[in-house]
2 protein chains.
Amino acid sequence: MLKSSALETSLDDGSAIKPSARQRLMDASEQLFAEHGWNAVSIRTIVAAAGVNLAALHYHFGSKEQLLSEIFTARAKPIALERIRLLSEIDLDDAPSLERILEAFLRPALTIGSDVRFGGRAFVKLRARLATEPEAVSRRILANAFDESSGEFLHALARALPEIPQAELEWRFHFMLGTMFYTMADAGRIQSLTNGRCDPGRVEDALAHIIPFLAAGFRSKPELKSTIRSRRRPK
Amino acid sequence: MLKSSALETSLDDGSAIKPSARQRLMDASEQLFAEHGWNAVSIRTIVAAAGVNLAALHYHFGSKEQLLSEIFTARAKPIALERIRLLSEIDLDDAPSLERILEAFLRPALTIGSDVRFGGRAFVKLRARLATEPEAVSRRILANAFDESSGEFLHALARALPEIPQAELEWRFHFMLGTMFYTMADAGRIQSLTNGRCDPGRVEDALAHIIPFLAAGFRSKPELKSTIRSRRRPK
DNA sequence: GTCTATAGCTGGATAGAC
DNA sequence: GTCTATCCAGCTATAGAC
């Protein structure tokens with residue numbers, strides 16, 4: 001039986017390496033989880049895609065859940081670090097730029113791994129999937145990875161927008177997460193509605209549109225919301 | 001063995017009815033799918049929650065997938081109809097109100113079923129889950145149910161915002177979907193970041209915040225995006 | 001129409017040879 | 001560390017009594 005060599009990858013210097021079984025498993029499962037979701041992918045599918053044996057997965061990772069967890073922590077840390085790095089370049093005390101803060105938050109999340117040959121984009125999708133799952137496991141993993149940097153950004157936004165009440169800012173942060181995750185998920189909805197004209201998969205395009213949109217939302221004065229008439233009595 | 005009567009529901013007139021097995025199955029599965037996702041819930045769990053037999057599910061629905069499909073079509077149509085109804089109340093030719101259009105789109109999606117005793121909120125979550133799944137089946141179901149009304153709203157937005165280019169409008173519509181779905185998913189992320197102060201589950205609160213936020217984003221002049229500097233060369 | 005029983009698979013995980 | 005062979009729990013779906 002021929003072993004799969006489809007997962008070999010070539011580096012910038014032109015040399016070709018055969019990734020370790022462990023690495024091939026992480027790459028293949030990241031891809032598959034992103035595409036089909038956590039529960040929909042069996043480890044048998046994963047080992048077939050990685051060209052390794054069933055037992056190898058358990059040897060290297062112990063369990064399917066542990067595999068997901070290791071993928072996630074490996075990818076999440078660079079994102080959080082890059083966010084903090086970009087944020088630190090912005091002087092918050094002196095005319096902080098809302099747009100720059102938003103870009104520091106969004107760009108690492110959207111672009112991470114886009115310059116590696118295999119599996120890069122997959123993690124972006126995978127993370128978006130996990131973010132909308134109310135399941136406890138995925139939620140805990142996410143919280144551990146991103147709570148700290150998110151807290152710092154909420155703080156930075158408060159400095160950049162001193163006139164916006166904290167509660168309002170938290171709602172808007174939530175809305176930002178929604179637009180970010182939905183863009184990352186690349187669920188294909190807007191492509192089908194616009195015959196492909198609008199494509200969230202084009203990252204630079206997405207960033208160029210999302211930042212002004214969110215900035216305007218963040219800056220809007222809360223008083224304006226009195227124009228909304230409640231059509232049903234709140235319960 | 002005692003049959004479960006926990007799913008009985010009482011109507012406004014005070015009478016108590018025992019829903020049919022078919023209805024109990026739909027209610028229970030809607031709830032469970034929303035909470036744990038499509039693949040994570042077995043039909044054994046569903047029938048146990050509904051207090052019926054395993055075979056009853058297949059008798060009434062034929063298959064698990066058909067059950068999901070029936071739940072979805074039953075709930076989606078009222079949402080689309082209510083959207084269109086609210087939209088028709090707005091005179092688009094004469095000073096169309098952006099906020100009213102947004103409310104007509106968002107309110108039915110967020111509140112549908114909130115006035116029934118059981119299972120109402122569940123569908124909101126379920127729909128948000130399906131919306132972020134790239135899986136073909138869920139995508140097709142969603143497209144069939146909502147493509148038409150979404151198209152009408154894109155058109156209405158174009159009328160209300162004649163100075164915004166169509167391509168820009170499509171991006172912003174995509175961003176609106178993201179904030180809407182993430183609010184509907186109620187993934188708990190913002191609650192944990194803010195110690196529960198911000199809660200997307202409070203629908204009227206959510207609407208009061210989301211509409212001004214989105215309206216500001218929709219109205220912002222596209223020229224402003226030149227303030228964003230691309231930090232990496234587009235590929 | 002409602003139930004019990006079970007067929008027929010596929011899932012994650014492991015034992016033990018090499 | 002890598003493989004084959006296998007365990008067995010859990011799944012969807014159906015057959016057939018009542």
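Heavy-atom basis, side chains included; hydrogens, waters and symmetry copies ignored. The chains referred to below are lettered A, B, ... by the order of the sequence lines, with proteins before strands, and numbering in each begins at 1. Here the structure is a predicted model, which means the values were calculated and not measured.
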Can you tell me how far C1' of D:dC11 sits from NE2 of B:H36, to the nearest Å?
-> 17 Å
Classify the ring geometry between A:F146 and A:F72 as parallel (under 30°), tilted (30 to 60°) or perpendicular (over 60°).
-> perpendicular
Would you tell me whether A:T179 and B:T179 have side-chain atoms, one donor and one acceptor, within less than 3.5 Å of each other?
-> no
To the nearest angstrom, how far is A:I46 atom CD1 from C:dT10 atom P?
-> 17 Å
For the residue pair B:E35 and B:Q31, confirm or rule out a side-chain donor-acceptor distance under 3.5 Å.
-> no
What integer distance in Å separates B:L32:CG from D:dC11:C1'?
-> 16 Å
Taken to the nearest whole Å, NE2/A:H60 to C1'/D:dG1 is 7 Å
May I have the distance from A:Y59 (atom OH) to D:dT4 (atom C1'), rounded to whole angstrom?
-> 18 Å
Does any donor atom in the side chain of A:D27 or A:Q23 lie under 3.5 Å from an acceptor atom in the other side chain?
-> yes
Ignoring backbone atoms, establish whether A:S42 has a side-chain N or O less than 4.0 Å from OP1 or OP2 of C:dT10.
-> no
Taking atom P of C:dG11 as reference, at what distance in whole Å does atom CG of A:L67 sit?
-> 16 Å
Side chains of A:W171 and B:I210: closer than 4.5 Å at any heavy-atom pair?
-> no
Give a yes-or-no answer on whether the side chains of B:T183 and A:H174 include a donor-acceptor pair shorter than 3.5 Å.
-> yes
Find the distance A:L68:CG to C:dG12:P and express it as a whole number of Å.
-> 13 Å
With the sugar-phosphate defined as primed atoms, P, OP1 and OP2, and the base as all remaining atoms, what B/S/- string results for nucleotides 13-18 of chain D, 5' to 3', for protein heavy atoms under 4.0 Å?
-> BBB---
Would you classify A:V47 as touching base, sugar-phosphate or nothing, given that sugar-phosphate means primed atoms plus P, OP1 and OP2, and contacts are heavy atoms under 4.0 Å?
-> nothing
